[in-house]
Amino acid sequence: MDDRLPVRVAVDAPQHSGLGGALDYLSERTLSPGTLVRAPLGRREVTGIVWPGDADPEPSVALKPVAAVLDAVPPLSARWCELVDFAASYYQRGLGEVALSVLPPELRKLDDDQLAQRVARLRKAWAVPPAGPVPARPELTPDQAAALARLGELSAPGQAPVVLLHGLTGSGKTEVYLRAAEDALAAGRQVLVLVPEINLTPQLEARFAERFGAGPAPKRIVSLHSGLTPAQRLKNWLAAHLGLADLVLGTRMAVFAPLPRLGLIVVDEEHDPSYKQQEGARYSARDLAVYRGKLEGACVVLGSATPSLESWQRAEQGRYERLTLAHRVGNGALPAVRLVDMNLLPKAPGVTTLLSPQLVGALARRVERGEQSLVFLNRRGYAPVLHCGACGWKSDCPHCSAWRVFHKVDRTLRCHHCGFTQAVPRACPDCGNLDIAPLGRGTERLEEQLAEALPGARVARIDADSTKTKGALEAQLSAVHAGDVDVLVGTQMVAKGHDFRRITLVAAVSPDNALFSSDFRAPERLFALLMQAAGRAGRDAAQADRSEMVVQTWHPTHPLYAALQRHDFKAFADSQLKERSMAGLPPFSHLALLRAEARTAQAAREFLQAAATLAEQIPGARELLIYPPVPHHIARVANVERMQMLVESPTRGTLQRVLRPWVDELTRLKSQHKGVMRWALDVDPLAI
Ligand code: ADP
Ligand code: ZN
Ligand code: ZN
């Protein structure tokens with residue numbers, strides 16, 4: 001008789017193959033759930049995780065044995081497995097796919113001996129740093145003290161509150177995170193801090209290291225993000241998993257870090273779209289953090305000056321507790337917001353007005369006084385397209401329904417979607433006209449125009465192009481900090497997070513397009529960006545009084561700008577929520593977006609229509625609204641047609657009940673639609 005035991009193992013089987021869950025294998029000994037193993041899958045041997053729950057093998061199928069057990073790594077916890085289970089089922093992906101994709105890739109390459117070496121080395125490296133004096137901590141502001149007192153009440157033993165920390169830029173949210181972390185660490189718990197962008201991790205890491213890396217009981221801090229080398233990522237992951245690291249700082253992937261003693265999760269800038277993964281399992285790290293807090297009995301702090309409307313509404317409903325920091329530290333004033341009505345500017349034929357005289361005047365005054373200014377463009381929609389004034393030709397991409405962008409540095413036309421690049425033609429390809437010129441308003445043009453309008457001023461540009469090489473961003477930022485720049489020009493990249501001390505003027509050159517975007521979240525994003533940008537001015541309290549924000553607009557009476565002038569997020573949120581409610585948009589409805597890619601739009605459309613027919617047969621579907629398929633806003637990329645279909649539900653529960661059986665059907669459906677190359681389902685999509 002075979003005395004080997006059947007075990008369930010989560011393996012990364014191909015998406016939508018029907019092998020999305022855990023597979024059954026045989027093991028010679030009992031394996032705890034969460035144990036890492038190597039197991040045969042098809043002709044390969046892959047890493048898998050012994051999954052909680054009983055194996056349920058078909059009697060007729062001969063099970064294969066587990067090939068090796070990776071005992072060097074302690075089993076992942078039941079709660080970790082539950083988080084992954086939830087993420088896979090909520091975002092409609094394979095269990096094994098999600099489980100394995102959130103492990104450090106290096107873990108899949110090493111055998112048990114190699115892993116044992118890494119673990120042993122780590123335990124020795126991790127000698128506790130020598131004790132030192134108590135690091136300096138600022139006296140709390142009354143707002144901070146009140147917020148922390150309430151947080152303390154809410155975090156009584158056995159409680160796992162979710163708190164929305166709503167604080168103006170510069171109101172000291174980070175200090176609240178630090179104090180909350182201090183309490184959790186003192187109680188022997190681990191702390192997870194999520195930030196939206198890799199660029200912001202070193203800054204935050206430095207502040208946490210300064211506070212906790214030294215002192216009488218120094219703590220161990222690691223980071224987790226995609227900028228690490230595979231070896232570093234494995235090491236930091238192991239440190240978290242083994243409980244050696246007390247603090248883990250990272251980007252969205254870190255929400256899956258195994259943390260045996262987790263007590264506090266901070267999600268900084270919780271509204272930021274980068275928390276949503278845009279491929280594979282399209283999870284929201286912010287939403288998973290909230291789920292994980294409940295699961296682990298950990299307190300969750302969502303921090304923002306401009307919370308997402310989803311979180312704001314939950315706070316209004318009392319599901320999250322809102323704590324408010326209503327004043328800037330040192331009571332520095334927020335900059336006065338001046339709207340420049342672009343309709344009133346004198347019009348000169350043939351001249352595109354990018355800079356109003358009001359803005360140029362305000363900039364010139366700063367240059368004179370030796371103060372800095374920040375001028376920014378929303379990147380989207382402002383790429384400079386080449387244009388022929390004689391026949392109307394524009395630099396379109398032959399493979400995509402998009403314009404190619406003019407790059408002045410190497411005089412090329414580049415498609416930002418498929419990458420197709422060509423040298424700029426000497427004359428218009430359609431009519432031969434020699435006078436073709438950039439249309440639109442890129443940062444490069446803005447930089448040029450500023451340099452012209454402000455002779456002698458030192459103008460510097462920071463955007464995706466100027467920071468391509470490693471270290472370029474750091475070098476440029478330190479030039480700004482050192483005062484070697486008078487006017488900083490850039491995209492939203494420079495408007496977020498940086499603690500510039502000498503800036504007294506911030507200007508949004510042309511923010512209007514977001515007001516009339518088809519993306520229903522565009523106004524929310526614009527408001528967040530403008531509030532963030534405003535927060536870059538007057539961070540040095542001594543200069544706060546004369547700090548100013550200039551917004552050039554063609555729509556000066558828009559309610560968004562009125563709320564901005566009063567720095568009144570609540571007014572903005574109220575008006576947006578009213579609009580969303582009337583339009584039946586989130587958070588008043590729950591969405592899923594089915595996307596299909598095919599060689600022809602017809603094939604993609606037919607697949608989506610057939611999918612809609614299938615959905616309608618699933619119980620519960622009558623409560624859903626399934627919209628007709630429409631082209632993606634960039635309908636064609638690299639000769640692939642992209643269509644999408646929106647599913648709207650009054651409740652999350654109904655949506656979830658329909659999606660799972662639907663996804664199973666779609667796998668079959670695709671095999672009947674040969675023209676369809678790919679499909680994907682996005683639950684809670686950010687843009688529709
Ligand atoms: P936010 O995260 O809300 O934008 P920060 O936490 O970065 O704000 O705080 C803004 C500045 O104020 C930082 O330089 C920080 O060191 C300082 N700061 C925060 N809290 C205090 C405090 N209680 N006393 C003095 N300075 C503080
Ligand atoms: Zn032409
Ligand atoms: Zn293209």
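We use all heavy atoms of the structure for the numbers below, so side chains are in, but hydrogens, waters and symmetry mates are not. Both counts, for ligands and for their atoms, begin at 1 and track the order of listing.
At least one side-chain heavy atom of R599 sits under 4.5 Å from a side-chain heavy atom of V640. Side-chain contact check for R211 versus R179: some heavy-atom pair is nearer than 4.5 Å. Within the 4.5 Å cutoff, side-chain heavy atoms of V290 are placed close to those of L302.
A distance-only check finds no donor-acceptor pair linking the side chain of E524 to the backbone of R521 [under 3.5 Å]. Checked by atom type and distance alone, the side chain of T169 never pairs as donor or acceptor with a backbone atom of Q532 at under 3.5 Å. Under the 3.5 Å distance criterion, the side-chain polar atoms of E641 are left unmatched by any main-chain donor or acceptor of Q602. Between the side chain of R595 and the main chain of R642, no donor-acceptor pair closer than 3.5 Å is present. Not a single donor-acceptor pair under 3.5 Å links the side chain of Q422 to the backbone N or O of L413.
Comment: D574 engages K570 in a salt bridge, judged by a side-chain N to carboxylate O separation of less than 4.0 angstrom. Residues E210 and R207 are not paired through a salt bridge, judged by the lack of any N-O separation under 4.0 Å between the basic side chain and the carboxylate.
Those atoms of ligand 1 with a heavy atom of E139 less than 4.0 angstrom away are 22 (C), 23 (N), 24 (N). Near T141, with a cut-off below 4.0 Å to any heavy atom, the atoms of ligand 1 are 23 (N). In the vicinity of L140, heavy-atom distances shorter than 4.0 Å reach the ligand 1 atoms 23 (N). Near K173, with a cut-off below 4.0 Å to any heavy atom, the atoms of ligand 1 are 1 (P), 2 (O), 3 (O), 4 (O), 6 (O), 8 (O).
Counting only protein N, O or S atoms, the number found under 2.8 Å from the Zn ion (ligand 3) is 4.
For P138, no nitrogen or oxygen atom sits less than 3.5 Å from a nitrogen or oxygen atom of ligand 1, counting backbone and side chain alike. Taking distance alone, with nitrogen or oxygen atoms compared against 3.5 Å, G172 approaches ligand 1 more closely than that limit. Checking only distances, T169 never comes within under 3.5 Å of ligand 1, N or O to N or O.
Of all protein N/O/S atoms, those under 2.8 Å from the Zn ion (ligand 2) are C388 SG, C391 SG, C428 SG, C431 SG, and waters are not counted.
With a heavy-atom cut-off of 4.0 Å, V329 touches ligand 1 through its side chain alone. Within the 4.0 Å heavy-atom criterion, the part of Q144 lying near ligand 1 is the side chain and not the backbone.
The closest approach between R207 and ligand 1 falls below 4.0 Å for a heavy atom of the residue. Proximity of G170 to ligand 1 is established by a heavy-atom distance of less than 4.0 Å. Residue contact check for ligand 1: L168 places a non-hydrogen atom closer than 4.0 Å to it.
If you take CG on L249 and CG on D268, they are separated by 9.5 Å, rounding to the nearest 0.5 Å. Here I503 contributes atom CD1 and R366 contributes atom CZ; the two are 11.5 Å apart, rounded to the nearest 0.5 Å.
Checked options E270, K276, H271; the residue passing with R286 is E270 (criterion: side chain to side chain contact (heavy atoms under 4.5 Å, CB included)).
Side chains of T141 and D143: no donor on one and acceptor on the other come within 3.5 Å.
Ring geometry for F527 versus F569: interplanar angle of 30 to 60°, hence tilted.
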